[in-house]
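To keep things clear, I will list the structure first and then write my remarks on it.
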Amino acid sequence: MTLPLNDQAIAILKGNDRGSYTVPTKGLYPYQWNWDSAFAALGFAEIDLNRAWVELETLFSGQWANGMVPHIIFHEVDDGYFPGPGVWGTEGVSGNDLPSSGISQPPLVATFARKIFEKDPAEGIKRVGPLYDKIVAWHKWFMECRGESGAICVTHPWESGRDNAADWDEAMANVDVSGVGEYQRRDTSHVNPEMRPTKRDYDVYLAILYYARAHKWDEKAILEGGPFRVADPTLSFILLRAHRDLVWLGDQLGKDTSVIKGWIASLERGIETLWNPAIESYDAKDLNTGKFSGNVTSAAFLCWYAGLTDDRVLSHLKRLLDAAPHGVTSLDPENPDYNPKRYWRGPVWVVVNTLIGMGLDEAGHKAFAERLHSDSARLIEQGGFAEYFNPEDGTPAGGGTFTWTAACWLAWVSKELGEG
Ligand code: GLC
């Protein structure tokens, strides 16, 4: 007998739970990933509030001395994943004994901590108290080490959470991969290589990583001479929203939040530099060349989540939703690089739908939010809790039994359907 979807989602969270942190999925991603963990916490908050807080507390146990919270924390060595801790080589430079990657990921924590807090404010005060300064330090790191252009940049495609998005193509084409040498990927032994980034993509990922490792992960060296610095709508929108929620959390704790309010004002201005008039959308911009990527991607639709209300990309959203029965496509289907199977170059991600949907709801675009709810629900009902889905026929793709898809079901999709 098949279990109801709520029970299946809970079973996935529990199956991926490693006690104090949750892996995205067994096999393909065997460690703690940053923004996946924030989603896991949101999902756990539906069934076990204490476990939700523990997830965030464990994430911050990997925080670097400079405030950065890594995109992967390698709690227990697992040979099934490449590149592992030995390749990142951050030991001895992070100021933290836990092995980790050397880059960060979209900062959902303040926003989701607020949502978890609101479920039980008395517990929330106790748990956010010790986390608050750590979150502030992380946001400060973003503003100082990734905020030079006004918007927030990534120094590695993985930092955006949208690994092989078309946004990075031109900047990646300029990266010299001649020194990369031989290596053994592990992702393609877990899932179909057609769905994964290409070999050339992986060469570039490693070339960028090796540059930073050779410079001992020194942020100044990475910003000044790094091979890859691209201002990113995902990080910019998510951080802006997180700043707003951090002010809210600070207010609960009676903190002075004036510095964070200053960051909000400056990031609101900075995000304007990501407006590409040629495509009438928010766009990624290569800081090494000053050029826009020229791609309409789902990241642009995070503007409402960020609290912006200008509606300038609403017509693109409508167009993308009309173009594929199971939207939102991660890349515009009219783009020559669109591919409905390949990771961030076309497929629909329920996690992104959730963030976009939350923003649309808050901005009063109820019909659009409703469309994203029902699309996400149908994808999960038909294809299970996959990593992502083909937007044309709804086939599940990538890793199966994914934590964040299950968490989105529990915390957003099923609720909006009245099943929560
Ligand atoms: C991939 C995704 C990234 C995610 C990670 C773990 O690298 O692109 O966003 O955090 O997998 O699920």
Side-chain angles (χ1 to χ4, degrees), residues 12-13 15-18 21-43 55 59 62 69-75 78 80-84 87-88 100-109 112 154 156-168 172 185-188 190-193 195-198 201-202 204-206 208-209 232-235 237-238 284 297-299 302 330-331 339 341-356 385-389 396-408:
I12 288 172
L13 282 190
N16 290 336
D17 183 3
R18 297 290 172 271
Y21 67 95
T22 314
V23 299
T25 193
K26 271 174 250 158
L28 185 62
Y29 296 118
Y31 298 112
Q32 183 175 27
W33 260 258
N34 189 320
W35 72 327
D36 298 67
S37 236
F39 277 108
L42 199 66
E55 185 78 26
L59 181 63
V69 182
H71 101 292
I72 310 175
I73 306 175
F74 302 108
H75 292 283
D78 186 314
Y81 180 79
F82 175 86
V87 181
W88 286 92
S100 70
S101 70
I103 54 171
S104 199
Q105 246 190 348
L108 295 170
V109 170
F112 289 1
V154 291
H156 193 295
W158 290 340
E159 201 159 52
S160 69
R162 297 181 298 129
D163 302 11
N164 66 333
D167 305 51
W168 328 125
M172 284 176 68
R185 277 172 76 166
R186 299 293 156 85
D187 57 321
T188 43
H190 297 289
V191 297
N192 182 347
M195 298 176 178
R196 297 288 305 173
T198 63
D201 288 340
Y202 256 75
V204 176
Y205 298 150
L206 288 174
I208 302 171
L209 189 165
D232 170 30
T234 343
L235 271 180
F237 287 137
I238 290 177
T297 71
S298 56
L302 293 171
S330 41
L331 179 63
N339 175 338
K341 285 191 187 156
R342 206 179 274 281
Y343 225 39
W344 291 96
R345 304 174 80 86
V348 53
W349 295 70
V350 168
V351 282
V352 176
N353 274 8
T354 300
L355 298 179
I356 297 174
F385 296 90
E387 186 177 11
Y388 56 92
F389 299 85
T401 58
F402 237 80
T403 293
W404 65 7
T405 310
C408 286

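For the numbers below, each heavy atom of this structure counts, side chains included, while hydrogens, waters and symmetry mates do not. Just follow the structure's listing: the first ligand is 1, and inside any ligand the first atom is 1. Numbers for residues simply follow the sequence, beginning at 1.
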With side chains defined as the heavy atoms from C-beta onward, is the minimum distance between S104 and N34 less than 4.5 Å?
yes
For P24, the ligand 1 atoms with a heavy-atom partner under 4.0 Å come out as 6 (C), 12 (O)
Would H71 count as a contact of ligand 1 if the rule is a heavy atom under 4.0 Å away?
no
For a 4.5 angstrom cut-off between non-hydrogen side-chain atoms, does L355 reach W349?
no
From F39 atom CZ to F112 atom CZ, the distance as rounded to the nearest 0.5 Å:
4.0 Å
Checking heavy-atom distances from atom 1 (C) of ligand 1 to each of W404, Y343, W344, W349, the winner is Y343
Just wondering, do R196 and L28 contact through their side chains at under 4.5 Å, heavy atoms?
yes
How far is atom 7 (O) of ligand 1 from its nearest protein heavy atom, and which residue and atom name does that atom have?
D163 OD2, 2.6 Å
Geometry only, no angles: is R162 polar-contacting ligand 1 at N/O separations under 3.5 Å?
no
Pairs of nitrogen or oxygen atoms closer than 3.5 Å, one from W33 and one from ligand 1: do any exist?
no
Are L209 and W88 packed together at the side-chain level, in the sense that at least one heavy-atom pair is separated by less than 4.5 angstrom?
yes
Close-contact set for ligand 1 against F402 heavy atoms, below 4.0 Å:
12 (O)
Could you identify the single nearest non-hydrogen protein atom to atom 10 (O) of ligand 1 and state the distance to 0.1 Å?
D36 OD1, 2.6 Å
Which atoms of ligand 1 have any heavy atom of Q105 under 4.0 Å away?
3 (C), 4 (C), 9 (O), 10 (O)
Ligand 1 atoms in contact with W35 (distance to a heavy atom under 4.0 Å):
3 (C), 4 (C), 9 (O), 10 (O)
Heavy-atom distance under 4.5 Å between the side chains of W158 and I103, does that happen here?
yes
Tell me whether the centres of the aromatic rings in Y205 and H156 are closer together than 6.0 Å.
yes
Parallel, tilted or perpendicular: which one describes the rings of Y29 and W33, with boundaries at 30° and 60°?
perpendicular
Is the shortest N/O to N/O distance between G161 and ligand 1 below 3.5 Å?
yes
